[in-house]
Protein chains: 2
Amino acid sequence: MVISMNYSKQREIIFDTLQENVVHPTAEYLYTKIKEKDPKISLATLYRNLNQLAENGIIKKIDGLENSSHFDHNTHEHYHFICKKCKRVFDIDADVAPELIRKTEELTDFVIENHDIVFSGICKDCRQTGSN
Amino acid sequence: MVISMNYSKQREIIFDTLQENVVHPTAEYLYTKIKEKDPKISLATLYRNLNQLAENGIIKKIDGLENSSHFDHNTHEHYHFICKKCKRVFDIDADVAPELIRKTEELTDFVIENHDIVFSGICKDCRQTGSN
DNA sequence: TATTAAAATGAGAATTATTATCAATTATGG
DNA sequence: CCATAATTGATAATAATTCTCATTTTAATA
């Protein structure tokens with residue numbers, strides 16, 4: 001359900017800060033960045049807004065990566081790769097599995113509304129830096 | 001890394017109980033079941049063993065479903081569907097995306113070691129029971 | 001079989017991530 | 001400007017999971 005939202009300075013900062021981060025930050029990381037702009041902002045405000053923005057489809061919440069949720073300014077259909085070594089999260093184009101939903105619905109009796117793919121392994125940088 | 005394991009009665013009970021559950025239980029749910037067999041077992045022992053078994057590939061840990069981890073006795077390659085209404089977790093055959101790894105590695109510079117797909121939507125039962 | 005080192009346990013404290021509470025502040029539409 | 005709903009900050013509360021540590025159990029071997 002879409003939630004009506006009034007303007008707030010804090011939400012604007014939160015959204016902007018997420019845009020600036022190509023990585024897929026956790027709430028914790030975002031909090032450190034956001035406090036540089038608004039030192040008085042509350043952690044509760046951050047969580048409240050991230051959830052709200054995600055529920056309205058303005059940002060994306062990524063679960064299944066380590067312990068905590070990550071947030072993504074990119075709402076286009078795409079998947080994620082997490083490097084086991086450096087823990088960075090990378091985007092993977094959705095066209096790696098074009099027929100996925102159709103095939104899955106065909107094979108099951110489910111109505112699929114969402115899906116997420118999380119790959120993990122070693123990224124190029126870490127592979128080259130050796131010592132694995 | 002594979003961890004050396006000595007036998008323990010508790011681990012046996014934990015493993016057996018997971019086998020008996022076709023669903024994909026959380027630690028919390030397993031704990032209630034396991035206490036029926038060994039009322040003195042500690043929650044820490046349960047978590048310790050679930051993690052150990054998962055690290056050794058004997059069971060599978062599923063993240064990205066709601067707040068807590070689920071555990072799966074089925075270690076064959078397969079995916080999961082969670083019903084948004086009844087919250088049950090279902091298995092999806094891996095053949096919905098046969099070329100996924102190869103294509104993804106081809107498109108990226110990553111070495112992919114693992115991947116998970118989580119679908120969500122409405123299951124057959126809930127769709128028929130209406131009222132969505 | 002007695003010895004011993006490594007592994008495992010139970011109980012509960014501690015930690016981490018996140019949500020809830022609530023009084024005070026701010027935004028919005030008339 | 002006023003009324004109402006939305007939002008905030010501070011902090012308490014919760015939920016899931018991990019850590020600590022003294023005690024017990026396992027497994028290998030002398």
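Throughout, protein chains are lettered first and strands after them, A, B, ... in sequence-line order, and every chain is numbered starting at 1.
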**Asked** OP1, OP2 of C/dT19 versus side-chain N and O of A/Arg48: anything below 4.0 Å?
**Response** no
**Working for side-chain hydrogen bond (donor to acceptor under 3.5 Å, both in side chains), residues A/His78 and A/Asp72** = CA-CA 11 Å; A/His78 69 286; A/Asp72 194 342; 2.9 Å; yes
**Message:** Quick check on C/dA11: is either OP1 or OP2 less than 4.0 Å from any side-chain nitrogen or oxygen of B/Lys40?
**Reply:** yes
**Prompt:** So what is the end-to-end bend of the helix from C/dT1-D/dA30 to C/dG30-D/dC1, with 5 pairs used at each end and the value given to 10 degrees?
**Reply:** 30°
**Asked** Is the distance from OP1 or OP2 of C/dT26 to the nearest side-chain N or O of A/Gln10 less than 4.0 Å?
**Response** no
**Prompt:** Should A/Ser42 be listed as having a side-chain N or O under 4.0 Å from OP1 or OP2 of D/dA10?
**Reply:** no
**Asked** Side-chain N or O of A/Ser69 less than 4.0 angstrom from OP1 or OP2 on C/dT18?
**Response** yes
**Prompt:** Is A/Asn6 near enough to D/dT4 that one of its side-chain N or O atoms lies under 4.0 angstrom from OP1 or OP2?
**Reply:** no
**Request:** Provide the closest heavy-atom pair for A/Phe119 versus B/Thr104 in the form atom of the first, atom of the second, distance.
**Result:** CZ-OG1, 3.4 Å
**Prompt:** For the pair made of CG in B/Leu46 and P in D/dT17, what is the distance, rounded to whole Å?
**Reply:** 10 Å
**Protein-nucleotide distance (A/Ile14, atom CD1; D/dG9, atom P), rounded to Å** = 8 Å
**Prompt:** With sugar-phosphate meaning primed atoms plus P, OP1 and OP2, does A/Tyr47 contact a base, only sugar-phosphate, or nothing at under 4.0 Å between heavy atoms?
**Reply:** base
**Item:** Ionic contact status for A/Asp93 with B/Lys103, cut-off 4.0 Å
**Value:** no
**Prompt:** When you check the phosphate oxygens OP1 and OP2 of C/dT18, does a side-chain N or O of A/Ser68 lie under 4.0 Å from one of them?
**Reply:** no
